[in-house]
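Keep in mind it's a predicted model, so treat the numbers as computed, not measured. The first residue in the sequence is number 1, and the count goes up from there.
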Amino acid sequence: MTTLAAFEASARLRSFTRASEELFITQAAVSRQIRILEQYLGVKLFDRAHRRVELTESGQRFQHAVSVALDLLANSAGSIRVDNTPHDLTLGADLSMAHLWLMPRFPEFQARFPDISVNIIASDSEGDCLKSGVDMALLYGDGNWPGFDATLLVSEEIYPVCAPAYLETNAPILDPCDFVEHTLLDLRGDRWDWVDWHQWLTKKKIPFSEDMRSLGFNNLPLLIQAACSGQGIALGWDRLLDHQLENGELVQPLNVSLKTGRGYFLVKRLGVKLTQEATVLENWILEMS
């Protein structure tokens with residue numbers, strides 16, 4: 001193998017001196033390896049000039065075979081070699097999951113795994129979250145993404161929430177029918193499966209009028225911020241509001257909720273083996289859920 005490496009470099013560079021520089025050995029060592037190879041083969045491989053060497057006809061034939069063989073060995077070695085180099089990960093998530101679930105928990109991941117770098121893509125476009133180069137994504141749906149594997153993280157359970165100050169300054173809420181008398185903070189968007197107040201009240205068989213007071217928002221994080229500031233009553237998603245409920249920013253005026261059968265899923269591409277770092281991230285997400 002040593003003689004073949006010396007021959008390939010000399011044939012490609014047409015110089016023993018330049019070959020020696022590339023291989024980090026002396027020019028004399030290159031010449032010696034070429035002589036050993038020529039003696040073994042019984043043919044002359046180079047015509048030697050003062051400053052340059054040229055391949056003989058036999059040398060040209062042998063150069064082609066050696067170059068192909070060494071390239072094949074290098075490619076095969078590269079394909080099976082264990083790569084221990086750390087890789088940056090890319091995690092996609094819709095805005096609600098990224099802002100309300102992931103970000104409050106992510107400092108714990110960074111503390112436990114400081115050597116793993118993660119790029120986070122937050123977007124309500126599934127195309128952004130599932131594009132090439134994204135290792136996995138946290139998405140809302142029914143678990144059906146063709147070409148992807150989906151693991152349920154959070155089952156969807158939806159209940160009214162508001163700031164404590166809102167309850168102190170507005171009419172009491174003693175029954176679910178009382179909600180329609182209040183300002184309702186409503187989630188409005190392009191997705192048919194986003195549950196708004198109309199759907200929630202209908203599912204709960206609570207009568208309402210189309211002119212009830214409401215404020216509309218196109219994303220849940222902004223809506224929850226409005227609820228925390230006392231602007232009205234919002235629909236909150238279980239597990240997404242753990243932080244706000246624990247620190248008292250939000251409360252449930254009544255213990256009443258709606259389960260839909262949908263939820264948030266960990267989504268990853270079928271047939272693609274995760275890197276070691278991606279597996280650590282996947283296990284952490286499952287642990288947190």
Asker: Can you find a heavy atom in the side chain of Phe148 that is under 4.5 Å from one in the side chain of Val272?
Answerer: no
Asker: Determine which pairs satisfy salt bridge (charged side-chain N to carboxylate O under 4.0 Å, His left out) with at least one residue from residues 251-276, sequence neighbours left out, and list them in order.
Answerer: Glu156-Arg262, Lys268-Glu282
Asker: Identify whether Leu222 and Ile224 are in the same connected component of the hydrophobic contact network (ILVMFWY, side-chain heavy atoms under 4.5 Å).
Answerer: yes
Asker: Measuring only between side-chain heavy atoms, which start at C-beta, is Leu153 closer than 4.5 Å to Leu286?
Answerer: yes
Asker: If you define the side chain from C-beta out and look only at heavy atoms, does anything of Asp124 sit under 4.5 Å from Asn219?
Answerer: yes
Asker: Please list every donor-acceptor pair under 3.5 Å in which a side-chain atom of residues 58-68 meets a protein atom from a residue at least two apart or in another chain.
Answerer:
residue: Ser67; atom: OG; partner: Gln63; partner atom: O; Å: 2.9

Asker: What's the separation between atom OG in Ser20 and atom CG in Leu13, rounded to the nearest 0.5 Å?
Answerer: 9.5 Å
Asker: Once you round to the nearest 0.5 Å, how far does CG of Leu274 lie from OG1 of Thr279?
Answerer: 4.5 Å
Asker: Side chains of Ser209 and Asp211: donor-acceptor distance under 3.5 Å anywhere?
Answerer: yes
Asker: For the side chain of Gln27 and the backbone of Arg18, is there at least one donor-acceptor N/O pair under 3.5 Å apart?
Answerer: no
Asker: Less than 4.0 angstrom from a charged side-chain N to a carboxylate O is my criterion; do Arg48 and Glu38 meet it?
Answerer: yes
Asker: Does the side chain of Trp101 come within less than 4.5 Å of Ser96's, by heavy atoms?
Answerer: no
Asker: With the threshold set at 4.0 Å, does a side-chain nitrogen-carboxylate oxygen contact exist between Arg112 and Glu108?
Answerer: yes
Asker: Would you call Val43 and Leu45 a side-chain contact if the rule is heavy atoms closer than 4.5 Å?
Answerer: yes
Asker: For the residue pair Thr260 and Glu157, establish whether any side-chain heavy-atom pair is separated by less than 4.5 Å.
Answerer: no
Asker: Would you check, one step at a time, whether the test side-chain contact (heavy atoms from CB on, under 4.5 Å) holds for Trp200 with Lys203?
Answerer: CA-CA 5 Å; Trp200 195 90; Lys203 291 287 187 181; 6.0 Å; no
Asker: For the pair Asn170 (side chain) and Leu167 (backbone), establish whether a donor and an acceptor sit closer than 3.5 Å, ignoring hydrogens and angles.
Answerer: no
Asker: Tell me, yes or no, whether the heavy-atom count around Asn255 atom CG, taken from other residues, nucleotides or ligands under 6.0 Å, exceeds 12.
Answerer: no
Asker: I need the single residue from Phe265, Trp145, Tyr264 that forms a ring-ring contact (aromatic ring centres under 6.0 Å, His included) with Tyr140. Which is it?
Answerer: Tyr264
Asker: Do side-chain atoms of Ser229 reach the backbone of Ala226 as a donor and acceptor pair under 3.5 angstrom?
Answerer: yes
Asker: For the pair Asp186 and Arg213, find out whether any cationic side-chain nitrogen is under 4.0 Å from an anionic carboxylate oxygen.
Answerer: no
Asker: Could you tell me whether a side-chain N or O of Thr56 sits under 3.5 Å from a main-chain N or O of Lys44, the two making a donor and an acceptor?
Answerer: yes
Asker: Ignoring hydrogens, what is the shortest heavy-atom contact between Pro160 and Pro253? Give both atom names and the distance.
Answerer: O-CD, 3.4 Å
Asker: How far does CG of Leu241 sit from CG of Leu235, to the nearest 0.5 angstrom?
Answerer: 10.5 Å
Asker: What are the two closest non-hydrogen atoms of Ala6 and Gln33, and how far apart are they?
Answerer: CB-CB, 3.7 Å
Asker: Short question: side chain of Asp135, backbone of Thr90 - any donor-acceptor pair under 3.5 Å?
Answerer: yes
Asker: Mind checking whether Val154 and Leu281 sit in one hydrophobic cluster, side chains of I, L, V, M, F, W, Y counted as touching below 4.5 Å?
Answerer: yes
Asker: Do Leu91 and Leu138 come close enough that some side-chain heavy atom pair is under 4.5 Å?
Answerer: yes
Asker: Are Val267 and Ile285 connected into the same hydrophobic cluster when the rule is that any two of I, L, V, M, F, W, Y join if their side-chain heavy atoms are below 4.5 Å apart?
Answerer: no
Asker: Determine the minimum heavy-atom distance between Leu139 and Asp94, stating which atoms define it.
Answerer: CD2-N, 4.3 Å
Asker: Ring-plane angle category for Phe16 and Phe46, please: parallel below 30°, perpendicular beyond 60°, tilted otherwise.
Answerer: perpendicular
Asker: Determine the sole option in Ile173, Leu185, Val161, Thr183 for which the side-chain contact (heavy atoms from CB on, under 4.5 Å) test with Ile233 is passed.
Answerer: Ile173
Asker: Mind checking the OG-CD1 spacing from Ser31 to Ile36? Nearest 0.5 Å is all I need.
Answerer: 11.0 Å
Asker: Step by step, would you call Trp197 with Ile206 a side-chain contact (heavy atoms from CB on, under 4.5 Å)?
Answerer: CA-CA 11 Å; Trp197 270 107; Ile206 300 172; over 6 Å; no
Asker: Measure the spacing between OG of Ser257 and CD1 of Ile158 and express it to the nearest 0.5 Å.
Answerer: 9.0 Å
Asker: Could you report the tightest heavy-atom contact between Val118 and Phe109, atom names first, then the distance?
Answerer: CG2-CE2, 3.8 Å
Asker: Same cluster or not: are Leu4 and Tyr40 linked, directly or through other Ile, Leu, Val, Met, Phe, Trp or Tyr residues, by side-chain heavy atoms under 4.5 angstrom apart?
Answerer: yes
Asker: side-chain contact (heavy atoms from CB on, under 4.5 Å), that's the test. Do Leu73 and Met1 meet it? Break it down for me.
Answerer: CA-CA 11 Å; Leu73 286 171; Met1 290 301 298; 4.0 Å; yes
Asker: Where is the tightest heavy-atom contact between Met212 and Val180, given as atom of each residue plus distance?
Answerer: CB-O, 4.0 Å
Asker: Distance-only, no hydrogens or angles: does the Arg14 side chain make a donor-acceptor pair with backbone N or O of Ser10 under 3.5 Å?
Answerer: no
Asker: Got Trp284 and Arg105 here, is their nearest side-chain heavy-atom distance under 4.5 Å?
Answerer: yes
Asker: We want to know whether Thr26 and Arg32 form a side-chain donor-acceptor pair, criterion being a heavy-atom distance below 3.5 angstrom.
Answerer: no
Asker: So, for Val251 and Ala163, which heavy atoms are closest and what is the spacing to 0.1 Å?
Answerer: CG2-C, 4.5 Å
Asker: Please check if the number of heavy atoms outside Glu287 that lie under 6.0 Å from its CD is greater than 12.
Answerer: yes
Asker: Can you tell me how far apart CG (Leu240) and CH2 (Trp237) are? Round to the nearest 0.5 Å.
Answerer: 9.0 Å
Asker: Under the side-chain contact (heavy atoms from CB on, under 4.5 Å) rule, what do Lys204 and Gln199 come out as? Steps first, then yes or no, please.
Answerer: CA-CA 9 Å; Lys204 289 297 179 182; Gln199 295 178 49; over 6 Å; no
Asker: Using only atom types and a distance under 3.5 Å, with no angle test, would you say the side chain of His99 pairs donor to acceptor with the backbone of Pro104?
Answerer: no
Asker: Can you list the steps and then say if Ser214 with Arg188 is a side chain to side chain donor-acceptor pair (under 3.5 Å)?
Answerer: CA-CA 11 Å; Ser214 65; Arg188 300 168 185 167; 2.8 Å; yes
Asker: Taking atom types as modelled, is there a side-chain donor on His243 or Glu249 under 3.5 Å from an acceptor on the other?
Answerer: no
Asker: Are Leu95 and Ile120 linked, directly or through intermediate hydrophobic residues, by side-chain heavy-atom contacts shorter than 4.5 Å (ILVMFWY only)?
Answerer: no
